[in-house]
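First listed ligand is number 1; within each ligand, the first listed atom is number 1. Heavy-atom basis, side chains included; hydrogens, waters and symmetry copies ignored.
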Amino acid sequence: MTLIRHHVSDALLMAYSAGQLPEAFSLVLATHLSLCDDCRARLGAFDAVGGTMLGDCRADLAEDSLAACMARIDAQAPERKRPAPRRGLFPQPLQDYIGGDLAAVKWRPLGMGVRQAILPTGRDATARLLYIPAGQAVPDHGHRGTELTLVLQGAFSDATDRFGPGDLEIAGEELEHTPVAEPGADCICLAATDAPLRFNSLIPRLLQPIFRI
Ligand SMILES: [Zn+2]
């Protein structure tokens, strides 16, 4: 296991536990959580808080609810889905979205060798896979909302730090950055945004609506 240094914030973990995040953000977090024991343990604490609150709730159901529920459970033999061990590059939550591993990704070129694949999620936020060739920079940009970037392969650096496999960068409106992929392995990331990015140069700005970035 690689050493993960950049984790999910408490605020995001709490929102994830409460089920309040857009699907695209939940996918990024679920993927990080599948790689990170530390964040899974912290999530357990937030889930316990939610469980305690639910324990204090009382709501009356119709009288035959329990019998009806048990009858439906009896009628359907449970289909056990065993968690598959991680075989390829993508952890299980991501594989489920793509329907396979790296070979199943439908990449679209963004220029300069950078490629993306937009994943099918709710439209309140966008999730994409990004493929950045080793040594290549992503055009510098700011953020109108929140951008989550999870490294799956390779590494990138920006003014804030270096992000390697499993690391999650959380960029808010205050951050302007130019991520550069490290030499060596090409960098593959899972990224989610809830608002369009703010590019500083003209060409990326013109292409933005086409690429939904
Ligand atoms: Zn973590």
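Side-chain atoms of D194 come within 3.5 Å of backbone N or O of T146 as a donor-acceptor pair. A donor-acceptor contact shorter than 3.5 Å links the side chain of D167 to the backbone of G164. Proximity of a side-chain donor or acceptor of E23 to a complementary backbone N or O of G122 within less than 3.5 Å is detected.
For the atom pair L43 CG and D38 CG, the distance stands at 11.5 Å (nearest 0.5 Å).
For the residue pair Q116/R128, the side-chain donor-acceptor check at 3.5 Å is satisfied.
Of all protein atoms, those that are N, O or S and lie under 2.8 Å from the Zn ion (ligand 1) total 4.
Placement of F156 and L150 in two distinct hydrophobic clusters is found when ILVMFWY residues are connected by side-chain heavy-atom separations under 4.5 Å, directly or transitively.
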